[in-house]
> 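Dumping the structure here so I can ask a few things about it.
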Amino acid sequence: MASAVLVHGLYHQPEHFIQVAEGLRTAGVDVVTPELHRGSLAADTAAVQAAVDALAEPPLVLGHSYGGSVITGLRGVGRLVYLAAFVPDAHESAASLGGSSPRLQSAIEPQSDGSTRLHPSRAMDTLYADCPEHLAAWAVGLLRAQGAGCGRGVPERQSWKHTPSAYVVCTEDRAIDPGLQWIMAARCGSVLEWQTGHSPFVGRPELVIDLVQKLLDASNTPDGAIGGITATR
């Protein structure tokens with residue numbers, strides 16, 4: 001059975017991927033959605049690595065936003081997918097690459113314990129502006145506090161240098177500047193452009209489901225070609 005590991009970003013939870021996960025499972029894909037929030041990039045990466053290692057075959061691994069930093073440090077992966085995500089090189093972190101947009105930064109609220117939260121209405125406007133209102137409200141309700149420092153973590157390895165990879169640029173993204181996404185996408189083997197905001201797995205889950213299925217099918221072709229996926233701008 002083909003396998004996919006879906007890795008969420010800061011403030012998010014595995015439940016944010018529920019529509020995508022259910023669609024892929026219906027199509028016969030074994031889906032794993034690890035929980036991050038382990039306190040550091042290294043700990044988050046270790047949690048996802050454990051999920052990858054538990055699978056029988058090297059899986060496709062999709063990372064969203066900060067999840068890109070997490071998947072960059074993995075071993076034993078069949079294919080990487082960066083969805084509006086950070087693609088750090090050696091000595092780089094999500095923060096040093098440019099981090100979150102000023103709009104997202106204005107939504108961050110420091111907490112007394114050193115963690116941060118997102119202001120609900122600002123989070124909705126920044127992360128889910130193009131999503132149906134009921135889904136945006138649902139997604140905001142799932143957001144949780146984030147420990148300090150993860151975005152400044154530097155991956156110990158750069159798996160995109162030796163693993164097939166694809167990048168999805170979200171052109172209407174208000175959280176990570178699309179221009180920055182294009183710069184990072186140049187590090188990947190193929191690039192797609194979607195006219196969506198930061199969170200298509202909430203508002204347009206069918207796009208993510210279709211992409212993962214195409215990439216899994218491509219892994220089974222003799223040359224590994226990805227049908228229908230080209231670099232565009």
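Small disclaimer: the values here were computed from a predicted structure and weren't measured.
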> Verify, without hydrogens or angle tests, whether S165 (side chain) and G189 (backbone) share a donor-acceptor contact under 3.5 angstrom.
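Here the side-chain-to-backbone pair exists.
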> Calculate, to the nearest 0.5 Å, the distance between atoms OH and OG1 belonging to Y11 and T116 respectively.
2.5 Å
> Report yes or no: does E15 contribute a side-chain atom to a donor-acceptor pair with the main-chain N or O of L142 at less than 3.5 Å?
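Side chain of E15 to backbone of L142: no pair is present.
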> Rounded to the nearest 0.5 Å, how far apart are OH of Y82 and OH of Y167?
9.5 Å
> Name the atoms and distances for all side-chain donor-acceptor pairs under 3.5 Å in residues 55-67, with sequence neighbours left out.
unit_1: H64; atom_1: NE2; unit_2: H198; atom_2: O; d: 2.7
unit_1: H64; atom_1: NE2; unit_2: H198; atom_2: NE2; d: 3.4
unit_1: S65; atom_1: OG; unit_2: H198; atom_2: NE2; d: 3.3
unit_1: Y66; atom_1: OH; unit_2: D44; atom_2: OD2; d: 2.6

> Answer with yes or no whether the hydrophobic clustering places V7 together with V154; edges join I, L, V, M, F, W, Y residues whose side-chain heavy atoms lie under 4.5 Å apart.
no
> How close do S69 and A94 get, counting heavy atoms only, and between which atoms?
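Reported closest heavy-atom pair: OG-CB, 3.8 Å.
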> Looking at every non-hydrogen atom in both residues, tell me the closest pair between L80 and I71 and how far apart they are.
CD2-O, 3.8 Å
> Donor-acceptor check, side chain of T26 to backbone of E22, threshold 3.5 angstrom: yes or no?
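Present.
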> Taking C-beta and beyond as the side chain, do L211 and V208 meet within less than 4.5 Å on heavy atoms?
no
> Look at the side chain of R174 and the backbone N and O of L104, then say whether any donor-acceptor pair between them is shorter than 3.5 Å.
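Not confirmed, R174 side chain does not pair with L104 backbone.
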> Taking the side chain as everything from C-beta on, heavy atoms only, tell me whether V81 gets closer than 4.5 Å to L215.
yes
> Using a strict 4.0 Å threshold on nitrogen-to-oxygen distance, state whether D130 and R204 make a salt bridge.
no
> Once you round to the nearest 0.5 Å, how far does CZ of R79 lie from CG of L216?
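Spacing of CZ (R79) from CG (L216) equals 8.5 Å.
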> Quick one about D53 and Q49 (side-chain donor to acceptor, distance below 3.5 Å, no hydrogens or angles considered), yes or no?
yes
> Under 3.5 Å, which donor-acceptor pairs link side chains of residues 30-37 to any protein atom two or more places apart or in another chain?
unit_1: E35; atom_1: OE2; unit_2: R144; atom_2: NH1; d: 3.2
unit_1: H37; atom_1: ND1; unit_2: Q146; atom_2: OE1; d: 3.3
unit_1: H37; atom_1: NE2; unit_2: H12; atom_2: O; d: 2.7

> What residue pairs, at least two apart or across chains, pass ring pair (Phe, Tyr, Trp, His ring centres under 6.0 Å) with a residue in residues 129-164?
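The answer is none; no pair qualifies.
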> Is the count of non-hydrogen atoms from other residues, nucleotides or ligands lying under 6.0 Å from Q195 atom CD greater than 12?
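No, CD of Q195 has 12 or fewer neighbouring heavy atoms, counting only those of other groups under 6.0 Å.
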> Do Y128 and V140 have side chains that approach each other closer than 4.5 Å (heavy atoms only, starting at C-beta)?
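Heavy-atom side-chain distance check passes, below 4.5 Å.
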> Roughly how far, to the nearest 0.5 Å, is the CG atom of L207 from the CH2 atom of W194?
5.0 Å
> Is the closest basic N to carboxylate O distance between R187 and E92 below 4.0 Å?
yes
> What's the separation between atom OG in S106 and atom NE2 in H119, rounded to the nearest 0.5 Å?
10.0 Å
> For the residue pair H8 and P14, establish whether any side-chain heavy-atom pair is separated by less than 4.5 Å.
yes
> Please report the shortest heavy-atom distance between A145 and S115, naming the atom on each side.
CB-OG, 4.1 Å
> Around atom CZ of R25, are there more than 12 heavy atoms of other residues, nucleotides or ligands at under 6.0 Å?
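Correct, the count exceeds 12.
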> Do you know which two heavy atoms are closest between L97 and L180, and how far apart they sit?
O-CD1, 3.2 Å
> Is there a donor-acceptor pair closer than 3.5 Å between any side-chain N or O of E156 and the backbone N or O of G73?
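No, because the side chain of E156 does not come within donor-acceptor range (under 3.5 Å) of the backbone of G73.
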> Which heavy atom of L41 sits nearest to which heavy atom of P155, and what is that distance?
CD2-N, 3.6 Å
> Can you check whether L127's main-chain N or O pairs, donor with acceptor, with S199's side chain at less than 3.5 Å?
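Judged by distance alone, yes, a pair lies under 3.5 Å.
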> Short question: side chain of S159, backbone of R75 - any donor-acceptor pair under 3.5 Å?
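Such a contact is absent between S159 side chain and R75 backbone.
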> Determine the minimum heavy-atom distance between L118 and A123, stating which atoms define it.
CB-CB, 3.9 Å
> Atom CD1 in I176, atom SG in C170: separation rounded to 0.5 Å?
9.0 Å
